[in-house]
Amino acid sequence: MRTFRWLALLALAVPAVAAIPAVAAFGAVDASWSQYQRDAGRSGLAPEGTPEPPYTVSWNAPAGIGDPSKVLGSPAPILTDGLAVVVGRETVEAIDVSTGEQAWSVPRALGPSAPAAVEGDTLVFVEGGGEGSTASASSLPTPTITPSATPSKHATSPSTAVSASVSSVVGMSLRTQRRLWSVPLSDVSNTGVLIAGSDVVVGADDGAITALDLDGRTRWTKDVGDHVLAPIAASGDLIIASVRPEAQGSAALVALRLADGSQAWRYEPNGAVLDLGGPSVGSDASGSPTVYVVGVDASVRAVSVADGSQRWAAPLYSPTTGSPPALTDDAVVVTDESGTVYDLDRATGSERWRFATNRRSVDPPIVTGASVIQPAADGAVSAISLGSGHEIWHGTIADSGVLGLAAARGLIVASVTGTAPGIVGLVSNPAGLTEDVVSPTTADPRGLVANWLGAALPLTVLLIVIGQALATRMGPVSFDTADDDAVDPWEADLEDEP
Amino acid sequence: MSNKKKRQRPSSYRAPAPAPAPRRGLLDSILAPRAPGGSPMPRLRSTLARGLATTLSIRWLLAAVPVVILAAWAFLTSFGFEGPFSTMSVTFALPPLTTSADPQIAGKTFRAAIDATGLGANAAGLVAIFGLLLFHAAVNAIVATLSVEQLRTGSVSAWAIRRAGRVLRTTLAVGFMCLGLLIIGNLVSFFFGGIGQVFGLIGSVVIGVYLFGFAPTIAADEERRLTDTLTRSVRSARMPGSANLWLAIIYVLASLVSLLAPLPGSTIGRTPSIAAWAVVIVLSVGHLVMQSTLAYRYLAVAPDVPDQPAKRPADAARR
């Protein structure tokens with residue numbers, strides 16, 4: 001018995017000891033995941049030194065994200081200066097990634113969580129909007145540009161956050177947590193913050209896109225259509241936003257010039273695609289930038305950033321929830337809502353592999369050097385080999401959804417909901433077990449026939465035996481045919497006999 | 001040459017119906033008042049037991065269930081279908097349950113090219129839905145005919161398969177009518193929101209099973225025109241005290257729960273596990289039991305089903 005206890009202790013201790021070098025590397029966390037999906041292009045490509053699977057949970061820090069019944073929006077974390085920052089329901093919280101302890105927390109007006117962004121000492125986030133959206137009533141059919149150089153309102157104290165029916169963009173000093181400025185928007189915002197160069201861009205549910213400088217001065221506002229709900233991406237001097245129609249019509253992708261908000265192009269897919277989801281941008285092998293979007297019509301589309309022309313479109317098995325694809329040098333990695341992860345050639349859209357995790361997925365994957373890391377709505381995280389398309393590790397880090405990932409040297413952080421909503425730090429666990437699971441979507445004729453035989457033969461025999469027993473017990477059927485017209489054909493045949 | 005009369009099997013189990021009644025539309029039966037009096041239909045529990053015994057007595061049918069499902073699965077996966085495998089449990093279901101699952105299967109298997117517009121965007125799906133509808137109609141026709149033969153004679157023969165060819169037009173018509181019901185149900189759910197979804201989507205399936213559930217049995221057992229078969233099915237369903245509506249509600253709800261529940265086979269994949277096969281086979285046998293139950297219920301009351309819709313009191317008084 002004593003031997004067994006020692007073995008159990010040893011089994012617990014090995015992963016913890018093995019994780020020490022990775023934990024020691026926390027101090028080296030850089031600011032390379034400074035906004036949603038790492039950068040303005042929303043590539044989701046983890047920096048060099050990101051740990052590879054298998055993983056182990058290093059720490060778990062509570063945060064005000066809310067349990068599954070209360071979580072709003074997308075509280076995906078960002079990483080900056082040794083801190084993981086997450087925008088919760090009514091707080092913005094920073095976790096020291098070297099210890100897993102809360103570094104600071106500031107109040108925020110209740111509203112949908114959306115990823116913050118950081119540039120230098122300025123942390124920009126969105127607050128307010130309450131529990132829902134007021135979008136549809138205020139959408140304007142005609143796009144308008146409202147250039148403005150008017151200084152914005154400057155909030156002074158963290159305690160000034162109040163509930164509001166529309167959202168505001170807030171600039172805050174990372175060092176002092178003092179609010180530097182606050183700019184009200186025309187509606188609730190779900191897009192999160194994009195920082196492209198020295199510009200801050202946010203979208204609102206009424207279709208307005210607003211650009212500010214890092215001092216909170218509004219540079220322009222443009223109404224691009226019915227709703228802007230998905231995160232906005234940037235490429236060079238263009239920002240690219242997905243516009244969702246009210247109920248009918250087709251979604252669009254709109255490219256606006258960062259300089260003045262004028263429209264560079266507008267892409268509308270053929271057919272009625274209600275949502276194109278969040279775009280991500282990267283240059284293909286030829287060096288020409290391309291924007292990739294996933295549609296609710298179960299498709300991935302590549303569109304030229306230069307002129308908005310479609311390069312290719314590829315089908316998926318199930319629709320997606322609109323999370324942006326992750327990009328590597330030569331691959332587009334997308335996940336549909338059923339949890340099937342696809343690796344597509346960036347140049348042609350041809351499918352290299354797919355892996356069905358069969359875990360519902362809402363949030364986008366990230367790509368490390370050798371793996372695709374996919375969070376799931378049931379609290380699991382799966383790692384799939386980029387090379388083989390096989391699952392090489394999976395683990396459960398929460399009892400409900402994993403709502404977003406961010407990666408840095410030696411560390412992956414995940415925001416989670418459930419009974420213990422917060423931020424989870426994952427580190428590499430050299431003593432952990434890996435696996436090599438082939439996707440269930442791979443054809444296996446022998447397995448198919450074997451499983452079929454294993455179920456069909458015994459069940460059929462069993463059912464026949466039960467049928468015999470029932471027939472013996474219940475006896476033959478007799479219908480009380482009072483109707484003279486009813487003639488049993490077999491009786492009629494007998495009457496015909498000589 | 002023998003003097004023995006050449007034996008010729010009748011084309012149905014019941015003698016031809018008496019003098020054909022004046023033609024009436026389907027709506028006459030649906031909208032007419034229910035026939036007065038009680039129903040001689042056996043109780044639900046005893047008819048379900050008899051349906052179970054009937055189904056389990058047809059060995060060839062039991063053996064065919066896994067074979068048909070395997071063939072259908074192999075066919076669909078060769079065209080790109082990857083599940084969930086649990087949708088295969090509707091293979092032997094009654095319409096509109098089959099009709100409601102067909103668009104999902106067709107949409108994932110026979111998909112038009114991305115960005116296709118106009119006819120090209122819908123042609124593949126529509127052809128696939130029609131093909132699946134035809135397949136289910138054929139399956140329903142065979143199952144209904146086998147059930148009727150088993151109930152009438154205590155055994156089955158190749159005659160049932162030949163007879164099924166004549167029942168096919170009825171099951172096909174029922175399939176199309178159920179498709180129409182589903183479209184109406186979708187419109188109701190679109191216009192009336194949350195509660196409309198319950199009454200529109202689920203209600204349309206229940207109504208389809210309730211009104212047309214007897215039609216394949218009538219077609220297998222009697223020699224009638226198509227419209228007469230359908231209207232007779234409606235009149236049989238609406239016999240007072242028969243609890244047919246409850247039977248339809250229970251059947252539809254149980255089937256929908258089995259489709260939506262996280263049972264083995266409810267995930268994406270091309271190689272269903274043994275448990276998934278077992279679940280789908282058992283559920284399929286459950287659908288066969290329902291078909292046999294309806295066959296037994298109809299055959300038990302067939303002589304009492306009125307050949308004409310009941311007259312409205314006002315009409316009767318006027319005459």
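The sequence lines fix the lettering, A, B, ..., with proteins before strands; numbering per chain opens at 1.
Contacts between A456(A) and chain B at a heavy-atom distance below 4.5 Å involve backbone atoms as well as side-chain atoms. Within the 4.5 angstrom heavy-atom criterion, only side-chain atoms of R301(A), from C-beta onward, approach chain B. Contacts between A49(B) and chain A at a heavy-atom distance below 4.5 Å involve backbone atoms as well as side-chain atoms. Neither the backbone nor the side chain of R446(A) has a heavy atom closer than 4.5 Å to any heavy atom of chain B. Interface residue V67(B): backbone and side-chain heavy atoms are both found under 4.5 Å from chain A. With a 4.5 Å cut-off on non-hydrogen atoms, I281(B) touches chain A through its side chain but not through its backbone. Of the two parts of L316(A), only the backbone, made up of N, CA, C and O, holds a non-hydrogen atom closer than 4.5 Å to a non-hydrogen atom of chain B.
Exactly one of V65(B), V282(B), T55(B), V285(B) qualifies for a side chain to side chain contact (heavy atoms under 4.5 Å, CB included) with L463(A). That residue is V285(B).
Judged by distance alone, the side chain of D444(A) and the main-chain N or O of T271(B) form no donor-acceptor pair under 3.5 Å. Of the possible polar contacts, one joining the Y317(A) side chain to the G83(B) backbone as a donor-acceptor pair under 3.5 Å is found. The backbone N or O of P272(B) sits less than 3.5 Å from a side-chain atom of N451(A), completing a donor-acceptor pair. Listed for the W452(A) side chain is a donor-acceptor partner under 3.5 Å among the backbone atoms of P66(B).
Counting heavy-atom pairs under 4.5 Å between each of I464(A), T357(A), I466(A) and chain B puts I464(A) at the top. Highest contact tally toward chain A, considering only S273(B), A63(B), A276(B), is held by S273(B) [criterion: heavy-atom pairs under 4.5 Å]. When each of S299(A), P269(A), S318(A), P315(A) is checked for heavy-atom pairs under 4.5 Å with chain B, P315(A) comes out on top. Note on A298(A), P445(A), A471(A): by heavy-atom pairs under 4.5 Å with chain B, the leading option is A298(A). For the set S439(A), A313(A), P458(A), A469(A), the count of heavy-atom pairs under 4.5 angstrom toward chain B peaks at A313(A).
Separating the CG atom in N270(A) from the CD1 atom in I114(B) is a distance of 11.5 Å, to the nearest 0.5 Å. Here the OG1-CD1 distance, from T441(A) to I268(B), works out to 9.0 Å after rounding to the nearest 0.5 Å. A distance of 9.0 Å separates OG of S57(B) from CE of M474(A), quoted to the nearest 0.5 Å. We find the OG1-CZ distance between T460(A) and R59(B) to be 12.5 Å, quoted to the nearest 0.5 Å.
The minimum heavy-atom distance linking P476(A) with R50(B) is given by the pair O-NH2, 4.1 Å.
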Start with the C-alpha distance between L448(A) and W73(B), add both sets of side-chain angles, then the distance that settles side-chain contact (heavy atoms from CB on, under 4.5 Å), and finish with yes or no. CA-CA 10 Å; L448(A) 177 71; W73(B) 178 250; 3.7 Å; yes
